[in-house]
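Report on the following structure.
Per chain, numbering begins at 1; letters A, B, ... match sequence-line order.
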2 protein chains.
Amino acid sequence: MPEVAPDADPDRRVVPVQQAVLGKNDAMAAALRADFRSRGLGVVNLLSSPGSGKTALLVRTLEELRPHRRAGVIVGDLATDNDAVRLRATGAPVVQVTTGTVCHLDAAMVARAAAELGLDGLDLLFIENVGNLVCPASYDLGEGLRVALLSVTEGEDKPLKYPKAFRTSHAAVLTKMDLAEAVGFDREAAVANIRNVAPEATILEVSARTGLGMAGWCAYLASHVATRRT
Amino acid sequence: MPEVAPDADPDRRVVPVQQAVLGKNDAMAAALRADFRSRGLGVVNLLSSPGSGKTALLVRTLEELRPHRRAGVIVGDLATDNDAVRLRATGAPVVQVTTGTVCHLDAAMVARAAAELGLDGLDLLFIENVGNLVCPASYDLGEGLRVALLSVTEGEDKPLKYPKAFRTSHAAVLTKMDLAEAVGFDREAAVANIRNVAPEATILEVSARTGLGMAGWCAYLASHVATRRT
């Protein structure tokens, strides 16, 4: 078995650099937050695993909000503009951030994308993060609301296994509820696990396919915007 | 909108440090690979999103292999030992690596865990990576086979959106095939997308719940072990 040499370990140099990156990100995020607030703009950062239904939820949300709220979207992906194409079909303005190998969005990416999108006249800005329950949790994007999605097909223990994503979120949204019975989803266990890591989080249940829970989710978003304007 | 200052950017210091980390990891992985090979040990690194069914597939695989092959498991998670508990119930030796905030396993973690597990007498070593389709793709663990899982509930476009995980894998396994009809899974599109980024990859389809495709998957693993012994 090869020995692990603890000396001359480049890993040791990662921590201070990461702290500097996160410190810079936090400062940029604070400036963004102040700017968003001064505009009365509600900004929502959506986090989840790949395939939990962020884009499907957003498409349906944009359709339901359209008569009442003007919403824009920044969408992050390592590769492809599939999600941006789906989102643009709703008529909402969308800017895609292609991250290549980077596993999360950061505040500087959001600042550039927001400048490209143009925020004037918007009530809401959705940020669809890279599909990843780990790295995005460490990057403040200046959002007013952070929302972690958990699809019923992923297993009820994911909040315990990826605690930071849920602990740092204002709301946890259970998605694909129309599949709950088919996959034997244990709703009580999932809620208990979310409560365990994020006792204060608002918990919502939706199906973007059937529309279940969309009214409650949109009301939650509307109340966030109303709060921003006071 | 806050300006993005390109100067004095700590991000710029990340790349050389990451390269040093990856270079060190590659060296450690090469040493591990030589050690595994000298033992005739087949080592399989499983990558996927959270909740794609790595543990469920492994539990069923360990049960089916048990009469014929001696297999051990190294399992990575940010938090909880839920998966290790499930895997140990099969009777296989299991070592858990708790990564905290680290979004992937690396070769040094595997070297330590392998020493703890003990490799004497094993035919196969499974490494269940952290649930993440981004970061684990960059870390060679000395494995002989890298396998990326895609559950039918995640959406057919994930190979295009997370290309490195699939491009660097020897096999792509479509999991939860028992749910394919319920979720309207487009098998042809998924296969075409895998082929697009990983033309040489072996594609397998399984359901750990019903047992569909398990014989083919176990035969694939057995042929890998047989190859190692020659």
Chain A shares the most heavy-atom pairs under 4.5 Å, among B/Val183, B/Val134, B/Asp157, with B/Val134
With chain B, the option among A/Gly51, A/Pro50, A/Ser49 that has the most non-hydrogen atom pairs under 4.5 Å is A/Pro50
Using non-hydrogen atoms and a 4.5 Å limit, figure out which bit of A/Cys103 sits close to chain B: side chain, backbone, both or neither.
-> both
So which of B/Ser138, B/Gly131, B/Pro163 has the biggest tally of heavy-atom pairs under 4.5 Å with chain A?
-> B/Gly131
Side chain, backbone, both or neither: which part of A/Asp178 has an atom under 4.5 Å from a heavy atom of chain B?
-> neither
Portion of A/Leu179 that has a non-hydrogen atom of chain B nearer than 4.5 angstrom | side chain
Derivation of the side-chain contact (heavy atoms from CB on, under 4.5 Å) call for A/Lys161 and B/Leu78 = CA-CA 6 Å; A/Lys161 294 178 70 179; B/Leu78 272 66; over 6 Å; no
Considering only heavy atoms, give the residues of residues 184-194 of chain A separated from chain B by less than 4.5 Å, sorted numerically, with 'none' for an empty result.
-> none
Expected contact set for residues 95-102 of chain A against chain B at heavy-atom separation under 4.5 Å reads A/Thr101
Which distance, rounded to the nearest 0.5 Å, do you find between the CG of A/Asp81 and the CG of B/Leu160?
-> 11.0 Å
Which atoms of B/Asp83 come close to chain A, meaning under 4.5 Å heavy atom to heavy atom: side chain ones, backbone ones, both, or neither?
-> side chain
